[in-house]
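All heavy atoms count here, side chains included; hydrogens, waters and symmetry mates do not. Along the sequence shown, residues carry numbers from 1.
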Amino acid sequence: MLKQQKMGKQVGAAKKEVLRVSFDSRLKLEFHGSKVTSDAGLLAYRELDAALGLTDLSENLLHDGRTGKNTQHSMVAQMRQSIFSRLAGYEDTNDAERLSVDPTMRHVVGGRATEHMAASTSQMGRFETEVLTQRGNLKTLAKLSGKWIDRLRERQPMWELILDMDSSVSETYGEQEGTAFNGHFGCTCYHPLFCFNQFGDVEQSLLRDGNVHSAKDWRAVLERYQGRNIPRYFRADAAFANPELYEYLEAEGFEYAIRLPGNVMRCCGTSGQC
């Protein structure tokens, strides 16, 4: 159960010490046997976010072209609502209307939402489909996870870097921009590219059209690691086996392991032996 204490108001001595979060000292967490929110676990994630200043980075990186009433929730607040909603298992904005009055979500979002309500379904829909899809904001989003990892490494340095690069499939329905049929996956989809480090963190991701080659845009991802003065290793499957990538990795001082494509076996003669 979440309880909000008005600052400066004396409430008497507590019988026992209560659990508080540092990102909003007005909050205290207690158990009273009543179900107020099913997403109280988000407070722990928000506490980590505040300690590292992750979502706060959005304030200076994302461009806000909104005017008038559309600005009642800041870019940072809407970014938090979008991220923490997904983290709680809500895959789209359909649940935003209910979450906008949920006590946990309101405090996780912060700002105006704390005293009133978080963004509605229509507001979140505009934010994700109109604001974030602007060209400059899309480029920022692609690099944001890497900036979060850099912020973490300021606290806990990394002594070596192992990168795993691979493409994935995100099946689509309808006429979304960039969607295309991919013969390898046998469906209409997007074909995103991901790069993970040895801890499973997403260093960078790129949303790509559905029919592009698996290795397309590898250079745009690897350029982030130029000049890193630590041992660096790269791993990938056979889709990334091309001389241009080999030459780049060797010039940049990477050690690498890339699977080679298999050879097509052909039958020779009438004996059936190849």
>> Taking salt bridge (charged side-chain N to carboxylate O under 4.0 Å, His left out) as the definition, give me every residue that meets it alongside Asp164, ordered by chain and number, with sequence neighbours left out.
In response: Arg235
> What pairs with Ser22 under side chain to side chain donor-acceptor pair (under 3.5 Å), at least two apart in sequence or on another chain?
Replying inline: Glu47
>> Restricting to side-chain contact (heavy atoms from CB on, under 4.5 Å), what partner residues turn up for Lys139, sequence neighbours left out?
In response: Arg135
>> If only side-chain N and O atoms count, and only distance matters, is there a donor-acceptor pair under 3.5 Å linking Thr114 with His107?
In response: no
> Which heavy-atom pair separates Val108 from Arg80 by the least distance, and what is that distance?
Replying inline: O-CD, 3.5 Å
>> My understanding is that only residues two or more places apart in sequence, or in another chain, count here; which of them pass salt bridge (charged side-chain N to carboxylate O under 4.0 Å, His left out) with Asp64?
In response: Arg66
>> Ignoring hydrogens, what is the shortest heavy-atom contact between Ser214 and Phe240? Give both atom names and the distance.
In response: O-CZ, 3.7 Å
>> Please determine whether residues Phe84 and Leu54 belong to a single hydrophobic cluster, defined as Ile, Leu, Val, Met, Phe, Trp and Tyr linked transitively by side-chain heavy-atom distances below 4.5 Å.
In response: no
>> Looking at every non-hydrogen atom in both residues, tell me the closest pair between Asp150 and Arg228 and how far apart they are.
In response: OD1-NH2, 3.8 Å
> Would Phe23 and Leu43 satisfy side-chain contact (heavy atoms from CB on, under 4.5 Å), going step by step from the backbone distance to the final call?
Replying inline: CA-CA 9 Å; Phe23 72 86; Leu43 294 172; 3.8 Å; yes
>> Among residues at least two apart in sequence or on other chains, which ones pass side chain to side chain donor-acceptor pair (under 3.5 Å) with Asp166?
In response: none
> By ring-ring contact (aromatic ring centres under 6.0 Å, His included), which residues pair with Tyr248, not counting sequence neighbours?
Replying inline: Trp218
> Of the non-hydrogen atoms in Leu61 and Thr140, which two are nearest, and what is the gap between them?
Replying inline: O-OG1, 3.4 Å
> Where do Leu141 and Met79 land on the side-chain contact (heavy atoms from CB on, under 4.5 Å) test, with the steps shown first?
Replying inline: CA-CA 11 Å; Leu141 288 175; Met79 176 62 79; 3.6 Å; yes
> Given the rule that I, L, V, M, F, W and Y join up when any side-chain heavy atoms are under 4.5 Å apart, are Leu57 and Leu62 in one cluster?
Replying inline: yes
> What residues form a side-chain contact (heavy atoms from CB on, under 4.5 Å) with Leu207, not counting sequence neighbours?
Replying inline: Tyr190
>> My understanding is that only residues two or more places apart in sequence, or in another chain, count here; which of them pass side chain to side chain donor-acceptor pair (under 3.5 Å) with Ser85?
In response: none
> Closest approach of Arg208 and Pro192, non-hydrogen atoms and distance?
Replying inline: NH2-O, 3.7 Å
> Is atom CD of Glu59 surrounded by more than 12 heavy atoms (other residues, nucleotides or ligands) closer than 6.0 Å?
Replying inline: no
> Does Arg98 have any salt bridge (charged side-chain N to carboxylate O under 4.0 Å, His left out) partners at least two apart in sequence or in another chain, and if so, which?
Replying inline: none
>> Less than 3.5 Å apart, any donor N or O on the side chain of Asn211 or Asp209 sitting next to an acceptor on the other?
In response: no
>> Closer than 4.0 angstrom, basic N to acidic O: yes or no for Arg86 and Glu128?
In response: yes
>> Checking Glu244 now: which residues fulfil salt bridge (charged side-chain N to carboxylate O under 4.0 Å, His left out) with it, not counting sequence neighbours?
In response: Arg219
> Between Asp49 and Thr55, is a side chain to side chain donor-acceptor pair (under 3.5 Å) present by the stated rule, with each step listed?
Replying inline: CA-CA 7 Å; Asp49 170 34; Thr55 55; 2.6 Å; yes
Without placing hydrogens or testing angles, list every side-chain donor-acceptor pair under 3.5 Å for residues 176-189, not counting sequence neighbours.
| unit_1 | atom_1 | unit_2 | atom_2 | d |
| --- | --- | --- | --- | --- |
| Gln176 | NE2 | Tyr173 | O | 2.9 |
| Thr179 | OG1 | Thr172 | OG1 | 2.3 |
| Asn182 | OD1 | His184 | N | 2.9 |
| Asn182 | OD1 | Phe185 | N | 3.2 |
| Asn182 | ND2 | Gly210 | O | 2.9 |

Could you pull out all donor-acceptor pairs under 3.5 Å where a side-chain atom in residues 250-259 meets a protein atom, sequence neighbours excluded?
| unit_1 | atom_1 | unit_2 | atom_2 | d |
| --- | --- | --- | --- | --- |
| Glu250 | OE2 | Tyr256 | OH | 2.5 |

> Where do Ala239 and His213 come nearest, in terms of heavy atoms and distance?
Replying inline: O-CE1, 3.3 Å
> Hey, what do you get for OG (Ser58) to CG (Leu132), rounding to the nearest 0.5 Å?
Replying inline: 9.0 Å
> Hey, what do you get for CD1 (Ile162) to CZ (Arg232), rounding to the nearest 0.5 Å?
Replying inline: 13.5 Å
> Under 6.0 Å from the CD atom of Glu91, do we count more than 12 heavy atoms belonging to anything else shown?
Replying inline: no
